[in-house]
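To keep things clear, I will list the structure first and then write my remarks on it.
So that the names make sense, note that chain A is the first sequence line, chain B the second, and so on, each numbered from 1.
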There are 4 protein chains.
Amino acid sequence: MVTAMRNPSPGISPPPGRTGRPRSAAADAAILAATRDALVELGWSKLTMGDVSARAGVAKTTLYRRWAGKNELVVDAVAELFDALELPDRGSLEADIEYVVLQFAELLRRPEARTALMAVVAESTRDEALRDRIRSAIVDRQKRLVVLGRERAQARGELPYEEDESLTGDTTDLIFDVIAGTVVHRALVSSEPVDGLWVATFTALLMHGLQGGPPA
Amino acid sequence: MVTAMRNPSPGISPPPGRTGRPRSAAADAAILAATRDALVELGWSKLTMGDVSARAGVAKTTLYRRWAGKNELVVDAVAELFDALELPDRGSLEADIEYVVLQFAELLRRPEARTALMAVVAESTRDEALRDRIRSAIVDRQKRLVVLGRERAQARGELPYEEDESLTGDTTDLIFDVIAGTVVHRALVSSEPVDGLWVATFTALLMHGLQGGPPA
Amino acid sequence: MVTAMRNPSPGISPPPGRTGRPRSAAADAAILAATRDALVELGWSKLTMGDVSARAGVAKTTLYRRWAGKNELVVDAVAELFDALELPDRGSLEADIEYVVLQFAELLRRPEARTALMAVVAESTRDEALRDRIRSAIVDRQKRLVVLGRERAQARGELPYEEDESLTGDTTDLIFDVIAGTVVHRALVSSEPVDGLWVATFTALLMHGLQGGPPA
Amino acid sequence: MVTAMRNPSPGISPPPGRTGRPRSAAADAAILAATRDALVELGWSKLTMGDVSARAGVAKTTLYRRWAGKNELVVDAVAELFDALELPDRGSLEADIEYVVLQFAELLRRPEARTALMAVVAESTRDEALRDRIRSAIVDRQKRLVVLGRERAQARGELPYEEDESLTGDTTDLIFDVIAGTVVHRALVSSEPVDGLWVATFTALLMHGLQGGPPA
DNA sequence: GCATAAACGAGACGGTACGTCCAGTCTTGTC
DNA sequence: GACAAGACTGGACGTACCGTCTCGTTTATGC
């Protein structure tokens, strides 16, 4: 199982000054939990900072001392949900892919995950800093799954080793975009179920694509 | 060129009663255009109904008489952007796919399209009616491209005819989700460029996947 | 009994042109009745033109064709309530005064009368035309009661004949203002009951004032 | 000179809790002054909460935090105008009455006073709480003038001492209603000038009435 | 008897204000 | 100096009426 270390202190860090009352560590956890609860109940657009602070039993000031705004707070609040994805060895590349796709689809059934993910992506289209934050907190962290699956498949002989190592990253990115993008689109845009049958079909397509030879 | 008929009367339709002053048709066009302009300048989250009405030279009441809110308005405003996608015959399936992917990527470079699409999808995670609206106004309309490309490929002998006709729809949906989802994810989530090289790689993967034999 | 002719055609009169569909007489009555009903139920400030038109089964246009606005409409609607005041001969000046005071107080207990009277007076402080309309439609019409009561009292020998006829009007006005003003103030500003005991006390004060000799 | 203590905290009082930022005292003064200015310029019906807040340099929220609405705000804003009325000793009851009547008439020439007074009275016909507010903020406070004038007149021997003390309040109320009501009616309803001649006539009537013997 | 022309109902229109809600900041007293 | 509390400015919300307008329809007259 892959467990990544997370920065335990989210959002804005305090200056390294030493005097004064230290920040409450419990507050961070309470705030992030309250944010997830509020996302489930209210969704992104009706979630308010005041509501989160009230749920967390914390003053609004405390929120703004740690996060710049709703976007940043929500990214941090949902990022660790995505870290729960894992990739046990199911014996074959095909099984590994099916497993991770189903796992990802299940995550997207959680309202806080689906609404938060799309909302912050939408916001990030006009906000470079937010885009970076999403990438580092969510996207890049999950590429580990693709890397791991690929290494296993290569060890099993299901996939060839990349000759030109400079392309390794590109291929990883492509596979990641195909899997993540297709599942998100199926689940959230087309609004169709990601069930066993569909996953099998999709995986077959992907397997053929991957094994069809080195990309041009 | 594919030209689809659009529902000429967007949003909320007036009751079929015949009396009273008829609604201004010019207002609809002005409002949708103003919405797109505002999306470009302000983005989704800073776009306000009052601002749109002012740009369109129309009273706020007129907006609310026709659309239930910002979500519905924006869906209609951007839907017709997607109708501009087309699929001229480039001679081969591979070329057709590359063309439509590039075209789609170009559309997603328009700020009004990228921000609006993700925002309404985010909202639709808690709003069944909005989800239906997105599907009928945007998603389903663009599946025509997949259907057309596939028919051409079958005519050219690049793809087999589906034996079980009941699967035709499912395969169309899968291809659509893979193409649209992957491009959206690459462009908006991974924030990487959709350039010629990447398109060729992606297309190669897809071609192998499609030709690898009947799915399932 | 005093019955005054009222202008049967309220508000704005149509030009004396002869062709075209004539205005509905029934509409006028329905509108004024609807206005009074709405005043009772909603009061001045919540009464709306749209509501009146709906109650009267009439289009808003029809209202505006006949009255310039809410103020004018309401003045006309309540004016005739005040015409119902009368002054039967009760045998003495004192009894006549008591009778008319009680009658007036009773009128002011009607919500449409009290709210409409004060509201249009308030509006009239910034609207010369409305002030004139109130005066001609309401105030001046009721001075007849003072004139009649005074003539009777003079005939009975209870009051002297005014030697300087140029003062007759002034004295009428003064008595009118004292009676009407005091009753209105008691009922609507001080919010105290105008009952038999109070009326007797007030009348006694007034009697002494009137009989105390010619005003300086 | 009579100076009455005013409730320093108008409108809605904050809960007696002790935490949080205290309300700005300067805001109250600015708001009431802005309200009076707006009344002069716009009159009652065109005065808006938004306009007042803008003039006072204060957010609309701050207004609504302290006053329930336009009515309550205006009562407080004009109440202190009425507190400026005073009753210096002019040497005789007659002179005292003439003085206060002229003073009151002058107050009613101020547009903010005349329009506000009648408007809130009109509204109060359907609003018990507003009626109480008017009574405590305006009406009852000015009865002090009648009480004072009467005491002086009794000290001078111009008026008898009330034998039945339980009637003292009733007589005060009656005199107050007669004076205030008559002047208001003359000025605002009959729209006639309250000049020296009229005041002398009215005062003579009132003097005779008061000296004519104990009422009832 | 048939054209004329105004009145009529319906309801959309551009505006203005409403009273509420939330964002993000500031000002207290307490820890 | 962090914290809870809550008042602060500012701005958008969605609604309600205003008074005007534009339709199609109705209804007295006068040619």
Side-chain angles (χ1 to χ4, degrees), chain A residues 14-15 17-24 27 45-51 53-54 56-70, chain B residues 14-15 17-24 26-27 45-54 56-66 68-70, chain C residues 14-15 17-24 27 45-54 57-70, chain D residues 14-15 17-24 27 45-51 53-54 56-66 68-70:
Chain A
R18 52 205 61 66
T19 62
R21 176 171 170 179
R23 285 192 184 163
S24 158
S45 63
K46 292 187 182 164
L47 175 146
T48 70
M49 297 298 267
D51 186 65
S53 75
V58 140
K60 255 200 306 176
T61 340
T62 302
L63 258 74
Y64 283 105
R65 217 174 276 122
R66 290 163 152 92
W67 287 276
K70 199 164 131 173
Chain B
R18 56 214 52 70
T19 61
R21 178 174 172 177
R23 287 193 182 162
S24 159
S45 63
K46 292 188 181 161
L47 176 147
T48 70
M49 296 297 266
D51 186 68
V52 170
S53 75
V58 141
K60 242 194 324 171
T61 345
T62 301
L63 256 74
Y64 283 106
R65 206 175 285 119
R66 299 173 190 213
K70 201 165 129 170
Chain C
R18 51 208 60 68
T19 65
R21 178 174 171 179
R23 286 192 183 162
S24 159
S45 62
K46 293 186 180 161
L47 175 147
T48 71
M49 297 297 267
D51 186 66
V52 169
S53 76
V58 141
K60 253 198 311 175
T61 342
T62 303
L63 258 74
Y64 283 105
R65 216 174 275 123
R66 292 163 150 95
W67 286 277
K70 198 166 133 172
Chain D
R18 57 209 56 68
T19 62
R21 177 172 171 177
R23 286 191 183 164
S24 158
S45 62
K46 291 186 182 163
L47 176 146
T48 71
M49 296 297 267
D51 186 68
S53 75
V58 141
K60 245 195 319 172
T61 337
T62 301
L63 258 75
Y64 283 107
R65 205 177 287 121
R66 300 173 189 213
K70 201 165 129 169

*Starting at atom CG of A:L47, determine the distance to atom C1' of E:dC22, rounded to an integer number of angstrom.*
12 Å
*asked:* So, using side chain to side chain contact (heavy atoms under 4.5 Å, CB included) as the criterion, who are the partners of C:A59 when residues are at least two apart?
replied: C:T61, C:T62
*Between E:dG15 (P) and D:K46 (NZ): distance, integer Å*: 18 Å
*Got a sec, which residues hit side chain to side chain contact (heavy atoms under 4.5 Å, CB included) with D:S24, two or more places apart in sequence or on another chain?*
D:A26, D:A27, D:R66
_A:Y64 or D:G69, whichever maps to the more 5' nucleotide of DNA chain E_ = D:G69
*Taking CE from B:M49 and C1' from F:dT15, how many angstroms apart are they, rounded to a whole number?*
13 Å
*Kindly write out the residues that satisfy side chain to side chain donor-acceptor pair (under 3.5 Å) with B:S45, not counting sequence neighbours, or none if the list is empty.*
A:E123
*What one-letter contact string describes nucleotides 9-14 of chain E from 5' to 3', where B marks a base within less than 4.0 Å of any protein heavy atom, S marks contact via sugar-phosphate atoms alone, and - marks no contact?*
BBBBBB
*asked:* Tell me whether D:K70 contacts the main-chain N or O of D:L47 through its side chain, where contact means a donor paired with an acceptor under 3.5 Å.
replied: yes
_Distance, nearest 0.5 Å, that separates CE of A:M49 from OH of A:Y64_ = 4.0 Å
*Taking C:R23 for its side chain and C:R65 for its backbone only, find out whether a donor-acceptor pair lies under 3.5 Å.*
yes
*Atom CG of D:L63 to atom P of F:dG10: distance rounded to whole Å?*
13 Å
